[in-house]
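Worksheet for the structure shown next.
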Number of protein chains: 2
Amino acid sequence: MAYRKTPAEISRLEAARERLISCATSVVAEVGWSQASVTAVADSAGIAAGSVYQHFPSKAALAVEVFRRAAGREVEVLGEVLHGPGDPVERLRRGVEVFARRALENRGLAYALLAAPAEAAVGAERLDFRRRYRALWAEVVREGTTTGRLPPQNAEITAAALTGAIGEVLVDPLGTPDENAAEELLADLTAAALRCAGAPTA
Amino acid sequence: MAYRKTPAEISRLEAARERLISCATSVVAEVGWSQASVTAVADSAGIAAGSVYQHFPSKAALAVEVFRRAAGREVEVLGEVLHGPGDPVERLRRGVEVFARRALENRGLAYALLAAPAEAAVGAERLDFRRRYRALWAEVVREGTTTGRLPPQNAEITAAALTGAIGEVLVDPLGTPDENAAEELLADLTAAALRCAGAPTA
DNA sequence: GAAAGAAGTGAACCATGATTCAGAGTTTCC
DNA sequence: GGAAACTCTGAATCATGGTTCACTTCTTTC
């Protein structure tokens, strides 16, 4: 019994791993997946390229973890809003607004999550998360139709349409940072989303 | 004056180039951009890998040409429908339907154009074509609002939303070929698109 | 403080796939 | 027919960037 990881050592390693994920996330947000080489990520975390492999078996595994963390946060936030109290139509409106606002506040990351070219493993993860967004929208839409606040419709299709519409509307502004037009964009986007679900125009 | 390309020779070269583009398009539609190596494309056209470089300066240039041709056809078809005769709302409906139907008829290619991971040059091209789709939708929407067939709205945002919504709704079915559900999908998709533009439900 | 074991380093290694190029085969023109 | 100019071939070359590994540095335990 000559060596045994002490609790302090374990948490130091854990912290190093977290730091690596966090730095990798920043790098991806700044330069995109394709430019986020192992070397660049390791440099930004202040460690050697080889050390990355003490925390992750491959670059792809790290990339997937980065994506999951970031996308998971968004799904969680959106879920909270959509599952919150109040009228389904109002929750839908707030969901779109919150999602878009968060994206515009962290454009680089939002672009990486929504649209930036990425390796296959991340692409697969992205599909999975789009499915989750869809499921969240579908729930609210279904609730709206059953309570009569929304007209009859295929909730799954509407949910997919919402996911795509919001992403597409955001991608362009995400590339060209223009602060002052954001509020108007948000208003127009939420209006389009509500129309898409068939909500009566306010 | 010892050698001069004869007309026959010129058209033979031209035909070889066209054939290459056509074969490359098929390969991309079947296996996606990432698997469409120069060797695979050359093999499918029955020429050596090196010969590709007699027609294109780089693989990226060929990929861009493949994308432009295919996407250009779609823009053209959509434009014809949207610029055709009749009520703007009806043209909108038919535009969505035609676009979606064509995508479902050639799923592999549609997926490659809309969503498949691709090199940077193709990604840039894709952005450009999305802008063109958007411009086409925006025109009709604007026409609808000025003639009073559609409620007041930001036509550019609605156009972006339509582009994203249609793409997103299609991407999933494009991966899982299911013939019989297509008609229902088309009906639900056009309904969602019309709602998105604020068209009164039929 | 010394041995044992683990983490960290970074230059070398390796896999992939685009690109090149020397030689073989074609076409043109006198 | 034959020289000149061009196309075609495909194995060799090259570029990129992820991954490995012999070695160094740090931790633990006695």
Side-chain angles (χ1 to χ4, degrees), chain A residues 1-21 23-24 27-28 31-67 116-123, chain B residues 1-21 23-24 27-28 31-67 116-123:
Chain A
M1 201 243 280
Y3 185 99
R4 180 131 223 214
K5 275 183 199 162
T6 196
E9 185 67 359
I10 288 174
S11 77
R12 190 184 65 76
L13 283 174
E14 178 61 19
R17 188 187 139 101
E18 290 301 316
R19 176 174 164 67
L20 176 55
I21 294 169
C23 288
V27 172
V28 167
V31 302
W33 301 101
S34 56
Q35 306 277 15
S37 66
V38 170
T39 308
V41 167
D43 282 358
S44 115
I47 62 176
S51 302
V52 168
Y53 293 84
Q54 235 133 42
H55 301 289
F56 294 93
S58 69
K59 180 192 165 155
L62 169 56
V64 164
E65 184 67 22
V66 165
F67 187 95
E119 64 212 283
V122 171
Chain B
M1 197 244 281
Y3 185 99
R4 181 131 222 214
K5 276 181 196 162
T6 196
E9 185 68 0
I10 288 175
S11 76
R12 190 185 64 78
L13 284 173
E14 178 62 21
R17 189 187 139 101
E18 289 302 317
R19 176 174 166 67
L20 177 55
I21 294 172
C23 289
V27 172
V28 167
V31 301
W33 301 101
S34 55
Q35 307 277 12
S37 65
V38 170
T39 308
V41 167
D43 281 359
S44 116
I47 61 176
S51 302
V52 169
Y53 293 84
Q54 234 135 41
H55 302 288
F56 294 93
S58 69
K59 179 193 165 154
L62 169 56
V64 164
E65 184 67 21
V66 165
F67 188 95
E119 64 213 282
V122 170

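All figures in this text were calculated on a predicted structure; none of them were measured in a lab. Residue numbers begin at 1 in each chain, while the letters A, B, ... track the order of the sequences. The basis for the numbers below is simple: all heavy atoms, side chains too, and nothing from hydrogens, waters or symmetry mates.
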Whole-Å gap separating C1' (dA6(C)) and CD1 (Ile10(A)): 12 Å
Side chains of Leu20(B) and Arg17(B) in contact at under 4.5 Å (non-hydrogen atoms): no
Using whole Å, report how far CD1 of Ile47(A) lies from C1' of dT19(D). 14 Å
In whole angstroms, how far is the P atom of dC8(D) from the CZ atom of Arg19(B)? 13 Å
I want to verify a distance call: between dT28(D), dT9(D), dA7(C), whose nearest atom is closest to the Leu13(A) side chain? dA7(C)
Rounding to an integer number of Å, can you tell me how far His55(A) NE2 sits from dT19(D) C1'? 16 Å
Answer yes or no: does a side-chain N or O of Gln54(A) lie under 4.0 Å from OP1 or OP2 of dA7(C)? no
Does any non-hydrogen side-chain atom of Val64(B) lie less than 4.5 Å from one of Phe56(B)? no
Do Tyr53(A) and Val38(A) have side chains that get closer than 4.5 Å, going by heavy atoms? yes
Base, sugar-phosphate, or nothing for Ser51(A), non-hydrogen atoms under 4.0 angstrom? base
Phosphate OP1/OP2 of dA7(C) contacted by Arg17(A) side-chain N/O (<4.0 Å): no
Taking the side chain as every heavy atom from C-beta outward, state whether Trp33(A) and Val66(A) have any pair of such atoms under 4.5 Å apart. yes
Answer yes or no: does a side-chain N or O of Arg12(B) lie under 4.0 Å from OP1 or OP2 of dT28(C)? no
How is Glu9(A) classified with respect to the nucleic acid when contacts are heavy atoms under 4.0 Å: base, sugar-phosphate, or nothing? sugar-phosphate
Indicate yes or no for a side-chain donor-acceptor contact from Ser58(B) to the backbone of Ala61(B) under 3.5 Å, with no hydrogens or angles considered. yes
How many angstroms lie between CZ in Arg12(B) and CZ in Arg19(B), if you round to the nearest 0.5 Å? 13.0 Å
Could you state the CZ-C1' distance from Arg4(B) to dT26(C), rounded to the nearest angstrom? 19 Å
So which protein nitrogen or oxygen atoms get under 3.5 Å of nucleotides 17-19 of chain C's nitrogens or oxygens?
from, atom 1, to, atom 2, distance (Å)
dA18(C), OP1, Lys59(B), NZ, 2.7
dA18(C), OP2, Val38(B), N, 3.1
dT19(C), OP2, Tyr53(B), OH, 2.4
dT19(C), OP2, Lys59(B), N, 2.8
dT19(C), O5', Tyr53(B), OH, 3.3

Give me the atom names and distance for the closest heavy-atom approach of Ala60(A) to Ala121(A). CB-CB, 4.4 Å
